[in-house]
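Single-structure report; data block below.
Please read all numbers here as calculations on a predicted model, not as lab measurements. Note that ligands are numbered from 1 as they come in the structure, with each ligand's atoms numbered from 1 the same way.
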Amino acid sequence: MKKINHALVTGGAGFIGSHLVDELLENGSMVTVVDNLSTGHRSNIDHLNDRIQFVEGDIRDAELINRVVKGCDVVFHQAAVVSVAISIQDPPHACDVNDLGTVQVLDAARRNGVRRVVMASSSAVYGDDPCLPKSEEMVPKPLSPYAVQKLTGEYYASVFKKLYGLETVCLRYFNVYGPRQDPTSPYSGVISIFMDMATTERVPTIYGDGGQTRDFIYVKDVTRANFLAATESAASGKVFNVGTGKFIRIRDLWDLIGKSSGVSMDPVFGPPRSGDIRESVSDISKIGKHLGFQPQVELRQGIKDTLHWYRSL
Ligand code: NAD
Ligand code: UD1
């Protein structure tokens, strides 16, 4: 197990990135954050002001990314256009950030002596393969520009390892939730939207019949997986699912959030979203075997803690 001396977190003012920064500081690392605040917020890292270096800027800016990566031994690459729906509306923009941005980060890392890059990939790469649960051995079948871009990032990571000896690890997150997930866009993560609706007593919309499934993982479990991916030697060059191995249907998710928050409202049903995956649940045996990772937060508990945070806003 190697120690992380100085980490760069791209997208560190975002939802997952800011929790990762908390975790790194708790483990005694120095941290630099680069973020253009397109979907992230200074308020997510305000509590760390004097403990991190924050650089407002874009990962596609080669001069900037080469400057901020200097002296870092590990890079956690979280910055991205994260919405599947936005990637369908504007594929060139999502491609520019998710692919060109990723290549800039990898290139800056290899030029500046970074030991390892841990990349945020996505379960979206599996698409609608009917085979469940989704395991890393399956052939990816992307259904959206976003999924293609995440898969492309994985291929770049593998090529940078082979060509330049840069250690890379790709983590295919399933659906992540928890405090600081921003509910304000219609394309925000579904748990953040449902929490916002429940706490303000507004009726949510479910796209399709609500029978689609997702494997929701609490953000603190995801940051722990990142830490293991950066420090365990067995992780280098591999791709891992980061999920819980359990699933819930979207209509049951609303019932659970409604019950937990003490509201009882029937949702409105809208047309299904194009590019939406029907069934999603992870096989987490590989990350368990190689990194000893097991999720610790049950959905009910995670929902309770997240609700507490939304109520405090
Ligand atoms: P988020 O929107 O909160 O975080 C993304 C961060 O990247 C934001 O702070 C944003 O301002 C920043 N950013 C975007 N474009 C940038 C650019 N060009 N230059 C610099 N910074 C930029 O989203 P999140 O949910 O925390 O997602 C983090 C990562 O995890 C993303 O790569 C996403 O694709 C991946 N992911 C998320 C989920 C999920 O369920 N939330 C699931 C799978 C994968
Ligand atoms: C999410 C992530 C994506 C990640 C992927 C991994 C976000 C915004 N997207 O995509 O970055 O790579 O997980 O699996 O974090 N829904 C409703 N009503 C709503 C909102 C959503 O019914 O108001 C439905 C959607 O149609 C979908 C499901 O809920 O079926 C989940 O949607 P969403 O939270 O946007 O996540 P994904 O598209 O799975």
State whether the shortest distance between N or O atoms of [X] and N or O atoms of ligand 1 falls below 3.5 angstrom.
X: Asn36; result: yes
X: Gly17; result: no
X: Val176; result: yes

For [atom], tell me which residue out of [options] has the closest non-hydrogen atom.
atom: atom 25 (C) of ligand 2; options: Val82, Asp276, Ile193; result: Asp276
atom: atom 15 (O) of ligand 2; options: Pro271, Gly189, Ala124, Ser274; result: Gly189
atom: atom 14 (C) of ligand 1; options: Ser38, Ser185, Ser188, Gly11; result: Ser38
atom: atom 1 (C) of ligand 2; options: Asn175, Val84, Val268, Ile250; result: Asn175

Can you tell me which residue pairs pass the side chain to side chain donor-acceptor pair (under 3.5 Å) test with a partner in residues 58-67, sequence neighbours excluded?
Asn36-Asp58, Asp58-Arg60, Arg60-Asp96, Glu63-Arg67, Asn66-Asn112
If you apply the rule side-chain contact (heavy atoms from CB on, under 4.5 Å), what do you find for Gln78 with Tyr173, and how did you get there?
CA-CA 11 Å; Gln78 307 297 310; Tyr173 306 161; 2.9 Å; yes
With heavy atoms under 4.0 Å as the rule, classify the contact between [X] and ligand 1 as side chain, backbone, both or neither.
X: Val81; result: neither
X: Thr39; result: both
X: Ser121; result: backbone
X: Lys150; result: side chain
X: Phe174; result: backbone

Using 30° and 60° as the class limits, which term best fits the ring planes of Phe216 and Tyr177: parallel, tilted or perpendicular?
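Because their plane-to-plane angle is over 60°, the rings of Phe216 and Tyr177 count as perpendicular.
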Any idea which atoms of ligand 2 are less than 4.0 Å away from a heavy-atom of [X]?
X: Ser122; answer: 4 (C), 5 (C), 6 (C), 12 (O)
X: Tyr187; answer: 8 (C)
X: Arg214; answer: 27 (C), 30 (O), 31 (C), 39 (O)

Of Ile59, Thr32, Asp35, which is the lone residue that meets side-chain contact (heavy atoms from CB on, under 4.5 Å) with Thr10?
Ile59
Under 4.0 Å from any heavy atom of Gly40, which atoms of ligand 1 are there?
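Selected atoms, number and element: 8 (C), 9 (O), 10 (C), 11 (O).
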Near Val97, which atoms of ligand 1 are under 4.0 Å from a heavy atom of that residue?
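Near Val97, meaning under 4.0 Å from one of its heavy atoms, ligand 1 has 15 (N), 18 (N).
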Starting from [atom], which protein heavy atom do you reach first, and at what distance in Å?
atom: atom 33 (P) of ligand 2; result: Val190 N, 4.0 Å
atom: atom 36 (N) of ligand 1; result: Tyr173 CD1, 3.6 Å
atom: atom 29 (C) of ligand 1; result: Gln78 O, 3.2 Å

Look at ligand 1 and say whether Gly57 reaches it with a heavy atom at a distance under 4.0 Å.
yes
Under 4.0 Å between a Lys/Arg side-chain N and an Asp/Glu carboxylate O for Lys286 and Asp283?
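Looking at Lys286 and Asp283, the cut-off is not met.
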Applying side chain to side chain contact (heavy atoms under 4.5 Å, CB included), can you list everything that pairs with Thr102, at least two apart in sequence or on another chain?
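For Thr102, the residues satisfying side chain to side chain contact (heavy atoms under 4.5 Å, CB included) (neighbours in sequence not counted) are His77, Leu106, Met119.
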